[in-house]
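Residue numbers begin at 1 in each chain, while the letters A, B, ... track the order of the sequences.
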Number of protein chains: 2
Amino acid sequence: MTETALAPVRTKPSFKAQMLQAREDAIIAAVNRLLAEKGFDAMTVDEVAAEVGIAKASLYKHFPSKEDLACAAMVRVMRRAQAFLASLPADGRPLEQIKAVARWTMELQLAGEMPSLPSQNSSLRATLMNSADYMNGLIEISDRLGRWIEAAQSEGSINPALPPLAVLYTLYARACDPVLEFLKASGQFSDAQIIELVMSTCFEGLEAR
Amino acid sequence: MTETALAPVRTKPSFKAQMLQAREDAIIAAVNRLLAEKGFDAMTVDEVAAEVGIAKASLYKHFPSKEDLACAAMVRVMRRAQAFLASLPADGRPLEQIKAVARWTMELQLAGEMPSLPSQNSSLRATLMNSADYMNGLIEISDRLGRWIEAAQSEGSINPALPPLAVLYTLYARACDPVLEFLKASGQFSDAQIIELVMSTCFEGLEAR
DNA sequence: GTCTATAGACCGATAGAC
DNA sequence: GTCTATCGGTCTATAGAC
C-alpha cells in the first residue's frame with residue numbers, strides 16, 4: 001500500500017472498490033435491521049436480497065453463508081461500539097463511562113438497530129469465533145469495560161463483592177434485554193423513560209435504597 | 001358419565017386414560033427438555049418423537065401442531081410455578097416471596113428445565129394467547145406477583161419509584177437471563193454462586209450500597 | 001374378526017446454497 | 001433460477017388387544 005504523490009491512477013480501482021464497498025455496506029445494514037427486527041432464525045437470505053434490491057446470487061459473491069452475513073452485522077455493531085467508546089471523554093469517572101455504554105446499547109436496541117442472535121446456534125457460534133474481526137472487537141471492548149469495572153470497584157462506586165466478569169456479562173445482557181421491548185409494547189412509557197427505568201433497575205437494583 | 005357403586009367397570013377406561021395421560025406427560029417432559037436445551041426453532045418434532053420413543057404420527061394424536069407442543073410445555077412450567085407459589089408460607093414478607101420466586105426460576109433455568117421460546121414468532125404467540133390454560137396461568141401468576149410488588153413498595157422494601165409493571169417484567173426476564181448460562185460457561189462458579197450473583201445484581205444493583 | 005394405535009414411508013413447502 | 005436438504009405434517013399397512 002505504498003503511495004506517492006505521482007500516482008493519482010489509484011483513484012480508478014478505488015472507485016470500483018468503493019462501489020463494491022458501498023453495496024457491502026448496504027447488505028450489512030439490511031442484515032443488521034432484519035436481525036434486530038426478527039432475529040437470525042426468522043431472517044431469510046431471500047429477504048435480505050429483496051431488501052437490498054439485488055439478486056440472491058450476488059449476496060453469495062460477498063458472503064459465503066447466512067452465518068457470515070450475521071457475523072458481518074455483528075462486526076459492524078462492534079465497530080460502532082468501539083467508535084462510541086473512543087468518543088467518550090477520557091477523564092470521565094469509570095462508573096459514568098460504564099453507564100454511558102449501557103445507555104448507548106439500550107438506545108441502539110430501542111432504535112431497532114441491535115442485531116440479536118440465538119445464543120445456542122452452534123454453527124453461528126463457530127463462524128463468530130473464527131472471525132478475527134469479531135473476536136478482536138469483542139476482546140478490545142471487554143478489556144476496556146473490564147478496566148473501568150475494576151477501577152469503579154476500587155473507588156467503591158460499583159459493588160466490589162461482584163466478580164468483574166459478572167458485572168461485564170450483566171452489562172452485555174442489557175444490550176438484548178427483553179424488558180425493553182416488553183415495556184415498549186405496553187405503550188405506557190416513552191423510549192427515554194424506558195431507558196431510565198432499566199438503567200435504574202440495573203445499577204440501583206429493585207430494592208429501595 | 002353417571003356412575004353407581006354397582007359399576008366397578010369404570011376402572012377399565014380409567015386405566016386406559018391413565019396410560020394416555022402418562023404418555024402425554026412423557027411427551028411434554030421431552031418437549032420441555034428440548035425447548036430448554038435448543039429453543040423452539042432448533043427443536044424438531046422428529047427429535048421429540050425419538051426422545052419419547054414413539055412415532056411422530058402418534059405425537060399428532062395428542063397435539064395438533066408443533067406450536068401446541070410448545071404451548072403444552074409452557075402450561076406445564078406455569079403450573080409448576082403456581083404450585084411453587086402455593087407452597088410459599090402465606091405470612092412471608094412480600095420482598096421475600098418475590099425473591100423466592102426469582103430464585104426458583106433461576107434454579108429451573110440452571111437445571112435445564114426452563115423452556116425458551118422466541119418472543120417474535122407470531123404463530124406461536126397466537127397459539128399461546130388462544131390457550132386458556134396458558135393465559136389463565138400467566139394472569140394468575142402476574143396478579144399474585146403484582147400484589148406482592150405493590151405491597152413491597154408500600155412498605156418501602158422495593159423502590160416505590162419503579163412502576164410495578166417494570167418490576168414484574170424485570171423478574172420475568174430473570175427466568176431467561178443469558179447471564180446465567182454465560183457465568184456457567186465460564187466454569188468459575190458453582191450453580192449456587194451464580195444464583196447469588198444474579199440475585200444480588202437484580203435486587204441490589206451493580207452500584208455499591 | 002374388528003378396531004384402535006402404531007411405525008415408518010411419504011409429501012409439499014421452504015430456505016440455504018451455488 | 002435451480003438444486004437439494006430439511007422439516008412440519010399426513011397417509012397406509014400392520015400388529016396386537018379385545
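When only modelled atom types and interatomic distance are considered, Asn130(B) and Thr127(B) share no side-chain donor-acceptor pair under 3.5 Å.
No donor-acceptor pair closer than 3.5 Å links the side chain of Gln109(A) to the backbone N or O of Leu180(A). Under the 3.5 Å distance criterion, the side-chain polar atoms of Asp46(B) are left unmatched by any main-chain donor or acceptor of Lys56(B).
Near DNA chain D, defined here as any heavy-atom distance below 4.0 Å, the residues from residues 52-63 of chain B are Lys56(B), Ala57(B), Tyr60(B), listed numerically.
Atom NZ of Lys66(A) is separated from atom P of dT6(D) by 15 Å (rounded to the nearest Å). Taking atom CG of residue Asp46(B) and atom P of nucleotide dA5(D), one finds them 16 Å apart after rounding to whole Å. Distance CD (Glu47(A)) to P (dA15(C)): 8 Å, rounded to an integer number of Å. Rounded to whole Å, atom P of dA15(C) lies 13 Å from atom CG of Leu34(A). Remark: C1' of dA15(C) and CE of Met43(A) are 12 Å apart, rounded to the nearest angstrom. Atom pair Leu124(B):CG and dG8(D):P shows a separation of 13 Å (rounding to whole Å applied).
With a 6.0 Å cutoff to the six-membered ring centre and a 45° limit on the axis angle, Lys66(B) does not count as a cation-pi contact of Tyr60(B). The cationic atom of Lys184(B) (NZ for Lys, CZ for Arg) does not lie both less than 6.0 Å from the six-membered ring centre of Phe189(B) and within 45° of the ring axis.
Distances from the side chain of Ser65(B) to the nucleotides dG8(D), dA15(C), dG9(D) place dG9(D) closest.
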- Arg174(B) and Val198(B): CA distance, side-chain angles, deciding distance, side chain to side chain contact (heavy atoms under 4.5 Å, CB included) verdict: CA-CA 8 Å; Arg174(B) 292 294 74 70; Val198(B) 179; 4.0 Å; yes
